[in-house]
Structures are given as structure tokens and as C-alpha cells.
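Here the structure is laid out as C-alpha cells; the discussion comes afterwards.
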Number of protein chains: 2
Amino acid sequence: MEKKKIRIKDIAQLAGVSIGTVDRVLHNRGKVSDEALQKVLETLHQIDYKPNLIARTLGSKKTYRIAVLIPDPSLDEYWAQSEQGITQAETEWAQYEFSIEPFYFNLYDKESFRSVAEEVTEANPDGILVAPIFYHEALPYFQKFKDMGIPYILFNTNIPEVEPLSFIGQNLYSSGKVGAELMCLGQGGSGNFVVLHINEDSHNSIHLLEKERGFKEYFAEHNGTDYNIKTLDLGNLKETAIEKEVENLLADPKLKGILVSTSKGTSLVSSILEKSGKKDIRLVGYDLLKENIHYLRAGIIDFLINQNPKRQAFLGINYLANHLLLKKAPPHFDLFPLEIITQQNLESYLESTFH
Amino acid sequence: MEKKKIRIKDIAQLAGVSIGTVDRVLHNRGKVSDEALQKVLETLHQIDYKPNLIARTLGSKKTYRIAVLIPDPSLDEYWAQSEQGITQAETEWAQYEFSIEPFYFNLYDKESFRSVAEEVTEANPDGILVAPIFYHEALPYFQKFKDMGIPYILFNTNIPEVEPLSFIGQNLYSSGKVGAELMCLGQGGSGNFVVLHINEDSHNSIHLLEKERGFKEYFAEHNGTDYNIKTLDLGNLKETAIEKEVENLLADPKLKGILVSTSKGTSLVSSILEKSGKKDIRLVGYDLLKENIHYLRAGIIDFLINQNPKRQAFLGINYLANHLLLKKAPPHFDLFPLEIITQQNLESYLESTFH
DNA sequence: GTGAAAGCGCTAACAA
DNA sequence: TTGTTAGCGCTTTCAC
């Protein structure tokens, strides 16, 4: 049971070489003669050496630089919450040699993503945390990062084929199903239902389409034929135009419920629904934005699904830091639970440490 | 922006004393003259010193011992989940010199709590994590721990008057309200509803009574007079007797729903309800036990409220470790969100790293 | 190619 | 009561 720890010094002694040589072998850096190499490798085989990571980081003066590539937090409350998570992780790691360099792109501008991603490659960081919401624009950069040997972690939106070190986020297909379940809860599944995409380019974002797919699948699984699902994509319209469209929807007497696929869109639709005075439309949306909290309390929004952007980003930095500093591999996937927020459990989410 | 790190050495220089003295002040160990003390405290005030924990653990050979005082995990699935959280925390802190010593008592035997708590005091650990489910039996031990200067953190059940370093758990009053909300969702609030306490000594546990209080309060706030709430305490009965009682309940044609206040009780009631064949009774219970998961999937249970025992225990160890190692104060309260589990979001909870 | 030696920031033992 | 110093295990530099 009681294994005494083996140090580099011990290996050196056993192999009959110096500490420096062992170090060179362990990290294959510097030049080592074949003879020495063999001796060290052999003793390494015979024993179970576990490097003391604490000593390693203390001894090394390297400071790691992590780049964060996300939408500009000052333009969007959802991303502001992500940024909070990053800041929190930053302070927790402050004692070590870490620096976090933010790179913000415009949520509505693919070009800006491109140019900012370019800056990231120029900065040549030791690790990257990125929310790749523009699929096509992001792809080539991951190839670059890979070529440069820079590890990257994705959050919010996954692109499995770029093989990130880790993905942090939710299963959006399931998310859509949960949305549908909440839609039907207690009111049956018959009538007209709408999925609303607002404020993002839904064609380019698997993101929203996945939610839509799950939503429809739930109905297909659970209901007869007595329902109708409509999808509306208001991504490119101005606010007044969106308002018109939503009002049109609400005019439908058979409309039973709306799922809004984005957090910001949820606020917008809530305000329109409130103005309309209609009380019997079930509204399900996303995330604990200020306005959404307000409308949930007011009973306009019936349910929110929480994506927990703050914690997503927080864990992203944590995983990267652990990987770089302690060579500790993060999970390949960290899929967050699909948290359902209602009037009654809302406060418990707001009070708890991580929301 | 660019804060360079402050070392003990720097403080010593600024204060005009030696690093030994600074160390003594920081940890108030050894003797320090008032004059030196003042000088050091003053410079400490002026700067923001963050000790390098890596260097500290490397330099120190102290190994901290944390005692964990909880119900025997092998006798109860809920507590088995707590234990998992402890194990996980243990591995995360493994690199530092930490050891965790478990002390298990019998969930159904107050005497065993007493004797095991006695063992804890004899072990004289550096910190204690405890789930004080027996109120009266626990009280005197906290006094002892306090006298011995051992910090303790409570989870699951709070006893504010013993002034723990931290409490980790849920607001049970709100939990009862959420239970009531889920009870009424989509089916209105009229009819007969029951709160069932099973398998624990509810008189001695504020725990369950708080949930009950919240449950009733919700109805008082939201409904007219067209409802009826009954409380049933089956704590001391045998399984067959419980079964009888529940069957009696189910015979009531006006019965609309049941809230079961314990996780184990939830399983039991589910099996009875399933056998009865009644499909229209709404059942709300607690926690992701294996059986509960089964009954939720089968549609017998409509909603589960997740208390997240694993994470509660995990954070307990974490807070203790941070306190001991980093002198970092944990939050006085860490109130967990009241997570609502449905058929559709269940998998996302099971898949996610922390459940 | 290799070994020796000086740190990294902190603790703890020792001398003064 | 105070200052000095030798580690902790590893990295990194610098002679040889």
C-alpha cells in the first residue's frame, strides 16, 4: 500500500546518470546518447514514476497564455454571462502563471469572426477557448490551430469533426425535446405550435436547427395527428418587422404555444406577447437574462431552459488550465443538464453560487 | 493591469522584517513582537497578497486529514451518491497532501450516530464534513468540535445555531413550494393532495416539515378553497403497513396528487401506485435513485426534484480543503438550485459530469 | 552530451 | 522574539 514516491533523483541514481539526463529523456529535449537513453528507459520501465506536478509548475517559470474567442459580451447579455465565468476562472488561477487574452467578435458579423480568429493565430497562445457559432467560418481556423499544435476547447456550439480537446455545452436536440415536453405539459399536444428563431443566422447554425429537430421529434413520438408545427425564421428582420410577424402568429386562435430558440429572442417575444394581452399562449424560452427573469416572474414566460453560459465558460478555462499546467485531460464531452426554470424554483437558481 | 506577484519575501522587505516573521504573522504561529506584527499587518493591508499554494504544499510536509460523518452509504442509495462526491473530491485533491477518513453511522439508529461521532472526536481531524440528520444527538458534538478548534461544514440538513463554517444544501421550504407548483401544473389546484413522509423520523427532522410547510403555502397563495391537503406520516411503519395506508389513499376518487418528501419513499410509493394501475395521480418525489429513474421513465412519477447529494458532498470537501490549505473562506450558505427532472431532461442529468 | 547548480515560493528547524 | 537556512521535486542554465 505504502508506495514511497519516486523522484527524478532516484531514477538518475538507479540508471547511473545525472538528473539533467533523466529530465532530457522524460521530455525528450536536448541531446542524449543512445547509451544513456537506454539506461534511463530501462529503469523507467522497471518502476512506476509519477512526476510531481506541483514541483513541476513551481520549478518552471513558463506563463501560459489562453486565448478566448467569443462574441462581444458588451453587445449581448448571454455572452456577458459567459465572460463572467471566464473572469471567475481567471481569478481562481491567478496565483499561477496564467494570462487570459480575450478576442471578441461581432455576434452578427461573420467577417468579424474571421478577422478576430486571425488575430488569435497571430497571438499564438498556449490554448484556446472558443464558441464557434459560425460553422463555415470557423472550420479553417481549427485546421490552423491543429497545425500550430495549439489545443482548443469548444463550448456552446459543438463541431465534432474538428476534434476539440473537449466540448462543453448541451445536447441541443434533447433541449428541443424538453421544450416540447414543457409545451405540452398539462395542456395536451393538440393545436398549433411554433418554433421561432430570432436574431441569429439559423441556416448556418446547427445550433438552432437541432433544437427545432428535437422539438418536432417529441411531437412525432407523443402525439397523434391533431397538431401542427410551424417554424419561423426571423433572423434577418428588424425589430418592428419581427413584431409584425409575431403579432400575426398570435392572431391564430388555435395557437397553443411558442418555443423561442434564443435567449434574446425570448425577451423580445415576451414583450410582444405581454402587449397582446393574450394569457393562454404557452411560452418557452432560454436562459436567465434579466428580461426573461422579469417575464417569467410576471407569468408571461412559462418555462425557461437554462444553458448556464457562465459555468460553461468557467469550466472551459478550468479544463484548459488543468490540461496545460497539470497535463490533466478534460472529459471529451461535458454535456450540461437541461435545467428547467419555473416561477417557483427561479429564486433558488438566482441565489445559488453559480448562477 | 500587470500585477506582478507578491511573495513573502516582498512583504518582508516592505515591512522591514525577515521572511520568518512574515510567515509567523500570516499563520499566527510562533511569537511576534507587537511592533513587527503591526508593520507586517500594515503592509499586508496595502497590498494584495495571494499565497502560492503550489509552493506551500511543496514546502510543507503536513498532510491534512478530513473526517466525513455521514450515514452508511452501503445501506442507502442516496448516501451512496454523497459518497461518490466525496471520492471525486478526494481524487481531485490527491496531488496535495490530503486524506479523507470516513465515519459511517446507521441512518436509522441515533445511538450509532453518537458512537461514531465519538470516534471522530478521538481521531482529531483537521476538518469535518457532516450530515447531521439527528438533531438532538448531533448538538453536543458540535460543541466539542468547536472546543477542539476543528472547523466543520454541514450539508443536507442545516443546524444554523451550531454556526458551521458553511452549510450546503437546499432551501427546503422553497422545495415544498416547487413540489406544489409541479402538482398543479396544467391540472389546476383543486382536489385532494397529500404530503407523504416515509422512512424517517419526521418529528425530529425539520427537514421534512419544511417541505410540507412550503407545499401548503403554495396552495394558500395560489388557490381558492377548492382543495384539500392531507399530511401522512408513515415513518415508523413496516413496508406492508405503509402499503396498506397508501392503498387507502389511492381509493379516494378525488385524490389528484402526492408529494413524497424522501427519496426512498418516492420509490416505494411509485411501486404501489404502479400496482394500483391508477394513471391519473400526479406523483412528485425526490432524487435520482435507480428506482425513481425507472418510475419516471415509466411515467409513474411525473416529476423529481433533485437534491444533488453527490455535488453537495463534493463541494463540502472542496470548501474544507480550500479553507485548510488556502485559508479561503467558503460561503456561509451554498443553497443549491431546485432542479426539476422530467422524462425529457432526465438523460441530460444522467449524462452530465456531475450526476 | 552531460552533470552540477541555481532557482521557483514556501515551510520548518535552528541559531542567535 | 527574530533572522537564516536547508530543503520540497522539478526546470533550466551554464560550464565542461
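Chain identifiers are assigned alphabetically (A, B, ...) following the order of the sequence lines, protein sequences preceding nucleic acid strands; residue numbering begins at 1 within each chain. Keep in mind that the numbers below use all heavy atoms, side chains included, and drop hydrogens, waters and symmetry copies.
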Discussion item. On the nucleotide C:dT11, are OP1 or OP2 found under 4.0 Å from the side-chain N or O atoms that B:R24 carries?
Written reply: no
Worksheet item: Looking at A:Y49, does any N or O in its side chain come under 4.0 Å of the phosphate oxygens OP1/OP2 on D:dG9?
Response: no
Worksheet item: Taking atom C1' of D:dC8 as reference, at what distance in whole Å does atom NZ of B:K62 sit?
Response: 17 Å
Item to complete: Could you check A:R311, A:E339, A:Q170 and say which one makes a side-chain hydrogen bond (donor to acceptor under 3.5 Å, both in side chains) with A:N306?
Response: A:E339
Worksheet item: OP1 or OP2 of C:dC10 less than 4.0 angstrom from a side-chain nitrogen or oxygen of B:T57, does that happen here?
Response: no
Worksheet entry | A:K5 NZ to D:dG7 P, straight-line distance once rounded to whole Å | 20 Å
Item to complete: Return no unless some side-chain N or O of A:S60 is found under 4.0 Å from OP1 or OP2 of D:dT11.
Response: no
Response to the item:
Rounded to whole Å, the CD1-P distance (B:I19 to C:dC14) equals 17 Å
Worksheet item: In terms of the angle between their ring planes, are A:F113 and A:F134 parallel, tilted or perpendicular, with boundaries placed at 30° and 60°?
Response: perpendicular
Worksheet entry | Derivation and outcome, salt bridge (charged side-chain N to carboxylate O under 4.0 Å, His left out), residues B:D10 and B:R7 | CA-CA 5 Å; B:D10 301 320; B:R7 289 118 69 233; 2.8 Å; yes
Discussion item. Assuming nearest nucleotide by heavy-atom distance, tell me which of A:G20 and A:R7 is located more 5' along DNA chain D.
Written reply: A:R7
Practice prompt. Measure the acute angle between the ring planes of A:W79 and A:F155, then classify it against the limits of 30° and 60° as parallel, tilted or perpendicular.
Written response: perpendicular
Practice prompt. Tell me whether the OP1 or OP2 atom of C:dC10 has a side-chain N or O from B:R56 closer than 4.0 Å.
Written response: no
Item to complete: Give one of base, sugar-phosphate or nothing for A:L58, where a contact means two heavy atoms less than 4.0 Å apart.
Response: base
Worksheet, complete the sentence: Testing C:dT2, C:dG9, D:dG3 for proximity to the side chain of B:V17, the answer is D:dG3
Worksheet item: What nucleotide, of D:dT12, D:dT2, C:dG9, holds the atom closest to the side chain of B:A36?
Response: D:dT2
Discussion item. C:dG3, OP1 or OP2 - any side-chain N/O from A:T21 closer than 4.0 Å?
Written reply: yes
Worksheet item: Closest nucleotide of DNA chain C for B:R29 versus for A:K31: which of these residues is on the 5' side?
Response: A:K31
Item to complete: Report the distance from atom CD1 of A:I54 to atom C1' of C:dC10, rounded to the nearest whole Å.
Response: 12 Å
Worksheet entry | Whole-Å distance separating the CD atom of A:Q38 from the P atom of C:dT2 | 12 Å
Item to complete: Give me the ring orientation class for B:Y141 and B:F145: parallel if the planes are under 30° apart, tilted from 30 to 60°, perpendicular past 60°.
Response: tilted
Worksheet entry | Of the listed nucleotides D:dT11, C:dG3, D:dC8, the one nearest the side chain of A:H27 | D:dT11
